[in-house]
Number of protein chains: 2
Amino acid sequence: MEYSIGEFSKLTNLGIHTLRYYEHEHLITPGRNSNNRRCYTDKDLTWIDFIKRLKDTGMPIKEIQHYAELRAKGEPTLSERMEMLISHRKTLNEQINQLQEHMKKLDEKIEFYQRQIESITRE
Amino acid sequence: MEYSIGEFSKLTNLGIHTLRYYEHEHLITPGRNSNNRRCYTDKDLTWIDFIKRLKDTGMPIKEIQHYAELRAKGEPTLSERMEMLISHRKTLNEQINQLQEHMKKLDEKIEFYQRQIESITRE
DNA sequence: ATACAATGTAGAGTAAACTCTATGTCAAGA
DNA sequence: TCTTGACATAGAGTTTACTCTACATTGTAT
């Protein structure tokens, strides 16, 4: 299937301005039809989903850009891309660990508040 | 103990510009000495650590601002603050779950790459 | 006495990632 | 034929959270 930018925008939940911005930043390169309109494919959909995953895990656009560049070069860059992902996996892991630590402290604070409120209510 | 902005900056790993910015945004209100210099206390240190925790878990400055406002009003706002933390706890939990999901997908992708690379190497 | 280092204020500048505006083209329906 | 509505480009504007600059003041070491 092929999609116009409007359709693709709905499928991806990314505004059409954002899609054009991503193209401008070379993250994605949709084809064009005879009228110069963008033609997105299902492959683009998979790719955008992956971009969103990288973004959601804190990878900056610049780095995704680099990944996209390697991807465009195809097979010879496979291992370099894998190394990027492995390194990203590491930071993601650290991120999760830190958030869990924060969660623990937050829980402690909430418990503290709970005790405070109880002791005031009892007065 | 009391600290000058320079000392406090080192203790907190926040630049002095950032500390003044936080003050401007009413996140923290250090006392002043006779010469109008800022005087940070150990209580400020604990508070800044908590601010950092909220920031690191994705709470925007505006919301921390609101929390700080309630905190300044003292005891009567205890339960409202606790509710904020409970609600934040929920989003933090969702955040962690989503990152774990992303991690899973990332691992799958890495494994896929590994197999690709192996099959090419064997050629 | 004077130079220096840290501090003060006010306001400008920066970076990232969008988001919007102005203006123009073009195919399809009334 | 005329008018929408979706799309195109180029470039300006926005938001968040800093970060820096310019300039004034002040306590301390030489």
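Residue numbers begin at 1 in each chain, while the letters A, B, ... track the order of the sequences. All values below come from the heavy atoms of this structure, side chains included, with hydrogens, waters and symmetry mates left out.
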Quick one: [X] [atom1] to [N] [atom2], roughly how many Å, whole number?
{"X": "B:Asn13", "N": "D:dC18", "atom1": "CG", "atom2": "C1'", "result": "16 Å"}
{"X": "A:Tyr21", "N": "D:dT14", "atom1": "OH", "atom2": "C1'", "result": "13 Å"}
{"X": "B:Arg32", "N": "D:dG27", "atom1": "CZ", "atom2": "P", "result": "15 Å"}
{"X": "B:Ile16", "N": "C:dT9", "atom1": "CD1", "atom2": "C1'", "result": "13 Å"}
{"X": "A:Glu63", "N": "C:dA16", "atom1": "CD", "atom2": "P", "result": "13 Å"}
{"X": "B:Ile5", "N": "D:dT26", "atom1": "CD1", "atom2": "P", "result": "18 Å"}
{"X": "A:Glu25", "N": "D:dA10", "atom1": "CD", "atom2": "P", "result": "14 Å"}
{"X": "B:Arg38", "N": "D:dT26", "atom1": "CZ", "atom2": "P", "result": "15 Å"}

Measuring from the side chain of [X] (C-beta onward, heavy atoms only), which nucleotide among [options] has the closest atom?
{"X": "B:Thr18", "options": "D:dA8, D:dT19, C:dG8", "result": "D:dT19"}
{"X": "A:Lys62", "options": "D:dT26, D:dC7, C:dA16", "result": "C:dA16"}
{"X": "A:Lys55", "options": "D:dC18, C:dA17, D:dA6", "result": "C:dA17"}
{"X": "A:Arg20", "options": "C:dG8, D:dA8, C:dA27", "result": "D:dA8"}
{"X": "A:His17", "options": "D:dA17, C:dT21, D:dC7", "result": "C:dT21"}
{"X": "B:Pro60", "options": "C:dG8, D:dC7, D:dA17", "result": "D:dA17"}
{"X": "A:Arg37", "options": "D:dA17, D:dA8, D:dT25", "result": "D:dA8"}

(message) Can you confirm if the aromatic rings of B:Tyr40 and B:Phe8 lie within a centre distance of less than 6.0 Å?
(response)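 That pair passes the under 6.0 Å test.
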(message) For A:Tyr113 and B:Tyr67, take the angle between the two ring planes, folded into 0 to 90°, and tell me which bin it lands in: parallel under 30, tilted 30 to 60, perpendicular over 60.
(response)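 Taking B:Tyr67 first and then A:Tyr113, their aromatic rings lie parallel (interplane angle under 30°).
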(message) Using salt bridge (charged side-chain N to carboxylate O under 4.0 Å, His left out), reason through B:Glu23 and B:Arg32 one step at a time and then give a plain yes or no.
(response) CA-CA 12 Å; B:Glu23 186 174 340; B:Arg32 298 290 175 120; 3.0 Å; yes
